[in-house]
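Values below: all heavy atoms of this structure, side chains included; hydrogens, waters and symmetry mates excluded.
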Amino acid sequence: MRVSNVKLQQLTIFTTLVTGGGIGTMYYLMQKKFAESEYHRLAVQKLEACRVAMESLGAPPLKVHNIRLTDRANRMDHLTAQMKIPVTGSKTGGYLYTASIRNPHTNTWSLKQAVLRLKEGQTIDLLNPPSQDEAFAADYTSDLDY
């Protein structure tokens with residue numbers, strides 16, 4: 001049985017579209033799963049609770065972007081999770097670096113590291129945030145020329 005080239009071209013196009021749609025759906029569902037996870041939620045809540053970090057970003061509004069699935073900084077297994085979450089505000093953006101561990105007895109996650117690194121190079125430890133006065137003093141002295 002012979003199949004015409006036109007039929008083969010149509011089959012190739014159809015298969016390409018179905019495969020592309022499947023890959024897009026898988027990517028979307030993986031991003032959604034990460035965004036709904038407890039370790040992701042804890043990190044974002046810690047960022048939103050830190051006034052110094054939010055003011056440095058120019059938030060609200062705070063925009064939390066999708067993680068890069070191919071980035072080696074993003075590693076998850078049953079007991080640990082490390083993530084590099086891109087975030088932006090109206091002033092600037094940066095990455096929220098987090099590390100969490102899961103208690104196997106209670107099946108809950110706890111945040112062990114949460115650090116915001118801004119594009120300008122400033123680093124803010126969200127678990128031990130600077131006070132508002134310390135942040136102002138650091139900004140003021142960095143603007144002085146010696």
Side-chain angles (χ1 to χ4, degrees), residues 7-146:
K7 292 289 183 189
L8 288 174
Q9 288 174 342
Q10 289 175 347
L11 181 62
T12 303
I13 292 170
F14 175 75
T15 304
T16 303
L17 290 174
V18 170
T19 303
I23 291 170
T25 302
M26 182 182 71
Y27 178 83
Y28 169 77
L29 292 174
M30 288 177 73
Q31 289 290 351
K32 184 178 173 185
K33 182 179 179 183
F34 286 127
E36 292 174 348
S37 66
E38 186 177 2
Y39 46 84
H40 187 280
R41 185 179 44 79
L42 287 170
V44 173
Q45 284 176 344
K46 188 59 88 171
L47 173 61
E48 290 172 339
C50 181
R51 286 186 54 203
V52 173
M54 292 293 281
E55 287 177 7
S56 296
L57 286 167
L62 176 68
K63 175 78 172 144
V64 180
H65 301 278
N66 289 338
I67 65 169
R68 288 182 164 225
L69 298 177
T70 57
D71 193 333
R72 292 182 184 262
N74 297 319
R75 291 184 288 226
M76 296 85 181
D77 61 30
H78 296 294
L79 296 175
T80 61
Q82 274 186 271
M83 295 183 81
K84 178 181 169 184
I85 306 168
V87 294
T88 56
S90 61
K91 288 184 190 174
T92 189
Y95 289 98
L96 176 58
Y97 291 88
T98 68
S100 302
I101 60 171
R102 184 177 69 87
N103 183 332
H105 303 295
T106 61
N107 202 27
T108 58
W109 289 88
S110 61
L111 204 55
K112 294 299 175 196
Q113 175 191 7
V115 175
L116 176 65
R117 274 202 198 127
L118 299 174
K119 290 178 183 174
E120 292 79 22
Q122 183 184 6
T123 302
I124 302 171
D125 183 356
L126 301 177
L127 296 180
N128 300 307
S131 69
Q132 197 74 12
D133 295 332
E134 290 173 357
F136 174 75
D139 286 343
Y140 179 73
T141 56
S142 68
D143 291 339
L144 295 177
D145 291 328
Y146 290 101

Going through the checks in order, is the side-chain contact (heavy atoms from CB on, under 4.5 Å) test met by Leu69 and Phe34?
-> CA-CA 10 Å; Leu69 298 177; Phe34 286 127; 3.5 Å; yes
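- Of the inter-residue distances, the one linking Trp109 atom CH2 with Asn103 atom CG reads 11.0 Å to the nearest 0.5 angstrom.
- With contacts defined as side-chain heavy-atom distances shorter than 4.5 Å, the pair Leu126/Leu111 does not qualify.
- Across all non-hydrogen atoms, the minimal contact from Leu118 to Ser56 is CD1-CB, 3.6 Å.
- Here the OG1 atom belonging to Thr25 is positioned 12.0 Å from the NZ atom belonging to Lys32, to the nearest 0.5 angstrom.
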Would you check, one step at a time, whether the test side-chain contact (heavy atoms from CB on, under 4.5 Å) holds for Tyr27 with Asn66?
-> CA-CA 10 Å; Tyr27 178 83; Asn66 289 338; 4.3 Å; yes
Are Thr80 and Asp77 close enough, and set up right, to give a side-chain contact (heavy atoms from CB on, under 4.5 Å), and what steps lead you there?
-> CA-CA 6 Å; Thr80 61; Asp77 61 30; 3.0 Å; yes
Under 3.5 Å, sequence neighbours excluded: what are the donor-acceptor pairs made by side chains of residues 40-49?
none

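- Of all heavy-atom pairs between Pro60 and Met54, the closest is N-CE, 4.3 Å.
- Taking all atoms of both residues into account, the shortest heavy-atom contact from Asn107 to Glu38 is O-OE1, 4.3 Å.
- The line from CZ of Arg117 to CG of Asp125 is 10.5 Å long, rounded to the nearest 0.5 Å.
- Put simply, OG1 on Thr92 and NZ on Lys119 are 5.5 Å apart, with the number rounded to the nearest 0.5 Å.
- Residues Gly58 and Lys91 come closest through the heavy atom pair CA-CG, 3.7 Å.
- At most 12 non-hydrogen atoms from other residues, nucleotides or ligands lie less than 6.0 angstrom from OH of Tyr28.
- To the nearest 0.5 Å, the span separating CG on Leu62 from OG on Ser90 amounts to 10.5 Å.
- Contact record, Leu57 with Gly94: CD2-N, 4.4 Å, taken as the closest heavy-atom pair.
- When every heavy atom of Met76 is checked against every heavy atom of Ile67, the shortest pair comes out as CE-CD1, 4.3 Å.
- Expressed to the nearest 0.5 Å, how far OH of Tyr95 lies from NE2 of His65 amounts to 9.5 Å.
- Arg102 forms no cation-pi arrangement with Tyr39, by the criterion of a distance under 6.0 Å to the ring centre and an angle within 45° of the ring axis.
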